[in-house]
2 protein chains.
Amino acid sequence: MSSERTASLGVDIGGTKVLGLALSASGAVLGRVRQPTPQVSDAAQGRPVGTSVAEVAAAVIGELAESVGVDPRTCSIGVGVPGIVDRTGTLVFAPNLQGAIGADLAALIARPFERAPVAIDNDANCAALAEVHLGAARGVDHALLITLGTGIGGAAIVNGAVLRGANGFAGEFGHMMVNPDGPPCPCGSRGCFERYASGAGLRHLAAQAIAAGTLDPQFASAPELLISSATNGDAAALAVVDQFCWWLARGIANLCAIFDPELVLLGGGVIDGKAVVLEPTRAYLATEIEGGARRRPPRIEATVFGSDAGAIGAAILGERQR
Amino acid sequence: MSSERTASLGVDIGGTKVLGLALSASGAVLGRVRQPTPQVSDAAQGRPVGTSVAEVAAAVIGELAESVGVDPRTCSIGVGVPGIVDRTGTLVFAPNLQGAIGADLAALIARPFERAPVAIDNDANCAALAEVHLGAARGVDHALLITLGTGIGGAAIVNGAVLRGANGFAGEFGHMMVNPDGPPCPCGSRGCFERYASGAGLRHLAAQAIAAGTLDPQFASAPELLISSATNGDAAALAVVDQFCWWLARGIANLCAIFDPELVLLGGGVIDGKAVVLEPTRAYLATEIEGGARRRPPRIEATVFGSDAGAIGAAILGERQR
């Protein structure tokens with residue numbers, strides 16, 4: 001009898017990088033591989049972006065399996081992508097991975113592994129799976145995950161499970177319109193939640209303050225600098241971060257009227273658990289939530305897994321769909 | 001052996017009327033009773049509105065039981081209310097039944113029936129239950145119910161069940177903010193979805209058109225007249241109804257990004273299945289929904305039970321919680 005080593009392999013395809021993690025049966029991280037995401041401009045060389053992206057994901061899986069000494073064909077494989085994936089594994093809509101739309105990523109990624117089954121889902125759904133199974137949402141029936149990156153990723157946990165909806169498109173909180181006169185959004189609409197409460201949103205609010213002469217132009221292209229200056233007490237930066245927190249709380253208040261969660265998890269590079277965002281957002285939510293005077297708002301907490309959540313959740317997804 | 005007659009009794013407490021329906025085991029309507037809802041002004045006489053409302057509901061139940069020849073103590077009893085009810089049966093928030101907030105309606109209504117258990121929930125949740133079990137949403141896993149009355153009632157059907165959330169407050173779609181510069185809402189916020197896409201919303205849009213001189217002032221206080229004039233081809237009325245439909249579609253598009261339903265049911269007195277609203281709303285949704293070019297929007301249909309849905313669903317709720 002051979003005791004074959006195995007692992008759960010999870011890959012998170014982001015707009016700029018592809019991250020792969022190998023998990024043990026108990027959820028421990030055994031290995032980690034990272035490669036840059038092929039860009040839309042590569043398509044000019046005549047290669048479909050979907051194919052290039054799938055090849056990089058497959059390369060990450062291969063390297064990961066080798067690094068932990070397992071045969072990828074005996075492992076479960078899960079993949080998270082920054083867009084809407086239908087139930088067959090085809091990328092239907094992806095503002096930050098435009099060139100790969102229409103690609104059957106699950107099949108393309110599975111190809112080098114003798115068509116081993118590859119489970120695929122939206123990256124925020126994967127991150128929610130990680131938080132539900134191993135992180136901050138363990139044992140919570142009703143929770144929301146909101147990831148603040150360039151845009152907003154979202155996932156709803158309803159009765160302890162990630163909500164996928166009829167076609168797997170649920171949880172696109174970033175494209176909830178909150179201002180009909182707001183700035184245009186790459187999705188084709190205007191004034192979407194993510195135009196205010198994401199990295200792009202912070203940039204927009206900073207640009208407004210710079211145009212009004214209340215903020216130094218150095219902040220135009222550096223939302224992270226704005227957050228760190230606000231943390232250090234810079235009044236002009238704090239004023240913009242305060243607006244940001246109002247919008248974030250206002251969008252969360254909308255989602256609370258809709259879902260009534262007990263927990264809202266905030267993740268993503270823009271805020272990364274920073275008190276300068278979490279505290280004012282909690283305070284604004286307490287007044288913005290419907291019935292605020294008579295109702296305790298849900299807890300707002302940082303995610304446990306941060307930028308690893310997508311890959312960890314993808315590994316869990318692969319394991320569950322095996 | 002006695003074959004005791006029984007029935008499922010359902011009561012829908014509205015802002016203006018209390019409707020009671022008795023259902024047979026197969027869902028047929030056996031009896032119907034209607035009484036006016038006690039108003040907030042009654043509280044001036046020193047009687048708590050919650051008590052008056054509960055007494056009227058109990059009277060409706062008694063009259064209903066008598067009319068179909070059953071003992072109410074042997075029947076299941078369910079009640080729908082226009083507000084947020086917590087899991088203990090207490091009314092927590094009800095903009096259209098302000099005086100009754102804080103009342104333990106379930107216990108008050110049960111009193112004359114020797115404390116028979118009374119199940120209680122939000123009226124839109126009840127209406128959704130009716131549509132899921134006996135109406136337009138039978139066999140549908142992911143659907144939304146949007147009731148357009150004075151305000152907007154909402155309920156989400158997720159994996160075939162009505163979503164209640166952590167405290168029973170889910171489905172308050174009407175208080176999703178869609179315009180930070182919009183008109184103030186009785187909930188305390190501004191620019192809520194129901195300020196545009198309800199009876200009150202139609203009134204607001206009409207008032208704007210009247211102020212702009214494009215609509216006859218006769219429409220100021222009669223949204224129903226506006227809908228019927230639009231149906232008859234009145235161009236000025238049609239222009240306002242068109243705006244109304246855009247807002248309705250825009251709110252539905254937000255909810256589609258969030259829930260990804262296969263079916264959206266529209267009910268309530270304001271539209272009552274009228275083509276002049278349903279058709280343009282479907283057309284706007286097809287362009288407003290995220291990923292519209294690559295995705296089929298959900299079906300938009302009228303509810304089956306119309307204004308009976310709340311009481312029918314309340315009867316089903318009582319039966320299920322028995």
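Letters A, B, ... mirror the listed sequences (proteins, then strands); counts begin at 1. Note that the structure is a prediction, hence the values are computed from the model and not measured.
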- Message: Working to the nearest 0.5 angstrom, can you tell me the gap between A:Ile13 CD1 and A:Leu105 CG?
- Response: 6.0 Å
- Item | Distance in Å, A:Leu202 CG paired with A:Phe244 CZ, rounded so as to fall on 0.5 Å steps | 5.5 Å
- Given the options A:Gly171, A:Gly251, A:Ala166, which has more heavy-atom pairs under 4.5 Å with chain B than any of the others? A:Ala166
Hey, does [Y] have a side-chain heavy atom less than 4.5 Å from the side chain of [X]?
X        : Y        : value
A:Val85  : A:Phe169 : no
A:Cys192 : A:Cys187 : yes
B:Ile84  : B:Leu91  : no
B:Leu285 : B:Pro297 : yes
A:Leu248 : A:Val277 : yes
A:Ile252 : A:Ile289 : no
B:Leu265 : B:Ile146 : no

Against chain A, label [X] side chain, backbone, both or neither, depending on which of its atoms sit under 4.5 Å from a heavy atom there.
X        : result
B:Val158 : side chain
B:Pro261 : backbone
B:Leu163 : side chain

Considering only heavy atoms and a distance below 4.5 Å, find which of [options] pairs most often with chain A.
options                                : answer
B:Pro180, B:Gly188, B:Gly168           : B:Pro180
B:Gly154, B:Ala170, B:Gly102, B:Gly174 : B:Ala170
B:Ala257, B:Gly182, B:Pro298           : B:Ala257

- Task: Please identify each residue that fulfils side chain to side chain contact (heavy atoms under 4.5 Å, CB included) with A:Ala128, with sequence neighbours left out.
- Result: A:Leu145, A:Ala155, A:Ile157, A:Val162
Would you enumerate the inter-chain donor-acceptor pairs between chain B and chain A whose distance is below 3.5 Å?
unit_1	atom_1	unit_2	atom_2	d
B:Ala166	N	A:Asp260	O	2.7
B:Ala166	N	A:Asp260	OD2	3.3
B:Asn167	N	A:Asp260	OD2	2.6
B:Asn167	ND2	A:Asp260	OD1	2.9
B:Gly168	N	A:Asp260	OD2	3.1
B:Phe169	N	A:Asp260	OD2	2.9
B:Gly171	N	A:Ala257	O	3.4
B:Gly171	N	A:Ile258	O	2.9
B:Glu172	N	A:Ala257	O	2.8
B:Met177	N	A:Asn254	OD1	2.7
B:Met177	O	A:Asn254	ND2	3.0
B:Ser189	OG	A:Arg250	NH1	3.1
B:Arg250	NH1	A:Ser189	OG	3.1
B:Asn254	OD1	A:Met177	N	2.7
B:Asn254	ND2	A:Met177	O	3.0
B:Ala257	O	A:Gly171	N	3.4
B:Ala257	O	A:Glu172	N	2.8
B:Ile258	O	A:Gly171	N	2.9
B:Asp260	O	A:Ala166	N	2.7
B:Asp260	OD1	A:Asn167	ND2	2.9
B:Asp260	OD2	A:Ala166	N	3.3
B:Asp260	OD2	A:Asn167	N	2.6
B:Asp260	OD2	A:Gly168	N	3.1
B:Asp260	OD2	A:Phe169	N	2.9

- Let me know if A:Leu255 has heavy atoms under 4.5 Å from chain B in its side chain, its backbone, both or neither. side chain
